[in-house]
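Here's the structure, in structure tokens; my notes come after.
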Number of protein chains: 2
Amino acid sequence: MSQTVDRALSILPLLAEGPADLGRVADRLGVHKSTALRLLRTLNEHGLVYRQSDQRYRLGARLFALAQEAVENLDVREIAHPHLARLNEQCGHTVHLAVYEEGEVLYIDKVESRYPVRMYSRIGKPVAITVAAVAKLLLADLPETERRALAEKLDYPLYTPRSTPGAAAFLKELATVREQGWATDLGGHEESINCVGAPIRGADGRVVAAMSVSAPNVVVTADELLTLLPLVRRTADAISREYSGKTPAKDTA
Amino acid sequence: MSQTVDRALSILPLLAEGPADLGRVADRLGVHKSTALRLLRTLNEHGLVYRQSDQRYRLGARLFALAQEAVENLDVREIAHPHLARLNEQCGHTVHLAVYEEGEVLYIDKVESRYPVRMYSRIGKPVAITVAAVAKLLLADLPETERRALAEKLDYPLYTPRSTPGAAAFLKELATVREQGWATDLGGHEESINCVGAPIRGADGRVVAAMSVSAPNVVVTADELLTLLPLVRRTADAISREYSGKTPAKDTA
DNA sequence: ATGGTCGTTGCACATTACGCAACGCCCCTT
DNA sequence: AAGGGGCGTTGCGTAATGTGCAACGACCAT
């Protein structure tokens with residue numbers, strides 16, 4: 001809609017691939033160097049882009065702060081967190097919280113019991129949308145047309161032999177998930193990892209988020225993990241109730 | 001430099017305060033509603049802004065992905081991580097990695113031994129720049145003029161009685177840190193938390209990052225923590241060597 | 001029903017961003 | 001040491017682009 005802004009914003013994903021110099025940016029944008037320079041300067045002033053010592057540009061620090069504040073403003077996350085932590089204490093496994101947005105599913109919270117290996121690595125990162133339990137839960141609730149359209153345009157990478165092979169199978173799985181009100185991922189993403197998940201619903205009954213518990217085969221078998229299902233569903237329902245019940249007014253402030 | 005982009009980007013911090021409707025955004029920007037609308041639409045197309053069901057705008061998902069990729073492209077972080085993890089195994093305490101950028105110091109990695117309480121909360125969040133050990137290390141290496149200017153314009157909040165009280169004291173502390181090549185924060189941010197840190201240097205000897213080990217008083221006294229100093233410095237030096245030594249070429253790709 | 005609020009659209013104007021070309025800088029070559 | 005190429009930077013004239021206005025339409029509350 002706005003050409004200038006459009007061009008400027010196109011620089012960000014470009015720099016996400018790695019640092020780039022002025023010429024490269026101008027080329028990729030298909031604009032003159034002077035134009036790219038002006039855009040980069042503006043981005044730089046706002047801290048979204050940083051100029052490193054070798055004069056190349058890379059994504060800037062303000063981006064972290066913004067993402068940080070963005071995630072903290074998600075009220076589902078805030079409400080859900082204590083419940084997730086409690087569930088984690090009870091079962092000891094990794095607990096995830098995810099939302100759907102614009103064709104992507106992303107983790108917005110995570111509590112894990114084990115070594116804190118790169119704990120930040122997944123927060124905000126898009127999940128394996130065709131196999132993850134939380135993704136199934138979130139997509140299963142989309143309006144049918146949107147769901148079909150999305151399923152058709154997705155890629156279906158075969159992470160493992162048990163990964164969802166294609167759109168048809170995926171849609172069928174989503175139908176099942178929708179009916180039963182919970183979802184699993186049994187080795188569909190990583191061979192030895194299983195998950196069970198349940199949806200979190202808003203006051204209008206629509207799914208606003210999804211949560212799951214994940215554990216490796218070596219700790220508990222898939223069957224054993226499934227025995228946690230009632231607990232997971234109870235937790236999700238508790239979050240749903242609290243989320244749809246009291247929505248503390250923070251309109252004006 | 002570019003008015004349109006400038007206005008568009010000004011919307012982001014505004015939305016970071018919380019969701020806002022069109023009128024509010026237009027007011028805050030000082031532009032007509034139609035102008036704000038066009039800007040918001042453009043931001044929306046790029047996923048930086050999301051329109052929630054109540055029609056208000058909030059920060060969007062792409063922001064997470066970008067911040068994510070940005071942090072992953074920091075090669076210091078990549079090189080340092082295994083060293084930090086090893087240090088964590090050896091001493092059991094929380095280990096931080098931070099960089100300086102445009103007047104801010106931010107954590108870019110963290111390994112902690114204890115409960116994973118909100119582990120994402122600090123990554124990318126600006127640190128308490130006037131007291132944190134890593135901040136002292138990073139600021140101590142700035143060119144004098146920049147260091148002075150920054151020190152003067154900072155606020156010096158008294159988190160605790162031991163917090164750095166003002167610019168003069170801070171500059172003096174930075175001088176000490178620069179001379180000795182390491183830094184501490186003894187209860188300057190939170191009464192019961194102590195840290196020791198050391199700088200990571202690039203090939204040219206300039207400080208490119210800083211790391212620290214933090215532990216609460218109840219686990220180890222400040223004196224005991226200080227006995228870890230040699231280990232911390234050795235780790236930092238190892239990272240420095242690896243960082244300045246082999247810089248894998250990824251220019252063209 | 002009716003007034004008010006809020007988002008949306010089309011349009012005419014001129015402000016704003018564009019590409020060009022020339023400059024200056026640094027590094028690499030011979 | 002002199003020459004050449006690559007890269008970032010600057011000023012400028014042009015017109016394309018973004019701007020504010022005013023009117024419309026949807027929705028909510030009274």
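Values below: every heavy atom of this structure, side chains too, minus hydrogens, waters and symmetry copies.
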Open item on the list: What is the distance, to the nearest angstrom, from the CG atom on B/Leu29 to the C1' atom on D/dG20?
Closed with: 14 Å
Task: Among D/dT17, D/dT19, C/dT8, the nucleotide that comes nearest once only the side chain of A/Thr4 is considered - done: D/dT17
Open item on the list: With a cut-off of less than 4.0 Å, is there a side-chain N or O of B/Arg38 near OP1 or OP2 of D/dG18?
Closed with: no
Open item on the list: For a quick test of reading the model: is some side-chain N or O of B/Thr35 closer than 4.0 Å to OP1 or OP2 of D/dG20?
Closed with: yes
TODO: Would you mind checking if B/Arg58 and A/Glu101 are paired as a salt bridge, meaning a charged N to carboxylate O distance below 4.0 Å?
DONE: yes
TODO: Decide if atom CD of B/Glu179 counts as having more than 12 heavy atoms of other residues, nucleotides or ligands within a radius under 6.0 Å.
DONE: no
Task: Atom-pair distance (CD on B/Gln55; C1' on D/dC28), nearest Å - done: 13 Å
TODO: Calculate the interatomic distance between A/Leu22 atom CG and C/dG19 atom P; express it in whole Å.
DONE: 13 Å
- [ ] Would you please confirm or rule out a distance under 4.0 Å between OP1 or OP2 of C/dC18 and any side-chain N or O of A/His32?
- [x] no
- [ ] Take atom CG of B/Leu37 and atom P of D/dC24, then tell me their distance rounded to the nearest Å.
- [x] 19 Å
- [ ] For the side chain of B/Tyr57, starting at C-beta, report the closest nucleotide among C/dC18, D/dG8, C/dT8.
- [x] C/dT8
Open item on the list: Centroid separation under 6.0 Å, is that true for the rings of B/Tyr156 and B/Phe170?
Closed with: yes
Task: Heavy-atom donor-acceptor pair, A/Ser34 side-chain to C/dC20 base, under 3.5 Å - done: yes
Open item on the list: Nearest whole Å is fine: how far is D/dG25 P from B/Lys33 NZ?
Closed with: 15 Å
Open item on the list: Expressed as a whole number of angstroms, how long is the span from A/Asp27:CG to D/dG8:P?
Closed with: 10 Å
- [ ] Applying side-chain contact (heavy atoms from CB on, under 4.5 Å) between B/Tyr100 and each of B/Asp141, B/Leu139, B/Leu106, report the one that passes.
- [x] B/Leu139
- [ ] Return the value, rounded to whole Å, for the distance between atom CZ of A/Arg24 and atom C1' of D/dG6.
- [x] 16 Å
- [ ] Determine the Euclidean distance between corresponding C1' atoms of C/dC18 and C/dA14; express it in Å to zero decimal places.
- [x] 16 Å
- [ ] Report yes or no: is there a donor-acceptor pair, N or O only, under 3.5 Å between the side chain of A/Ser2 and the base of D/dG18?
- [x] no
Task: Under-4.0 Å salt bridge between A/Glu144 and A/Arg148 - done: yes
Task: Spacing of B/Gln3 atom CD relative to C/dA14 atom C1', expressed in whole Å - done: 12 Å
Task: 5'-most by nearest nucleotide on DNA chain D - A/Arg41 or A/Arg7 - done: A/Arg41
- [ ] Report the residue (B/Gly30 or A/Arg51) whose heavy-atom-nearest nucleotide on DNA chain D is the more 5′ of the two.
- [x] A/Arg51
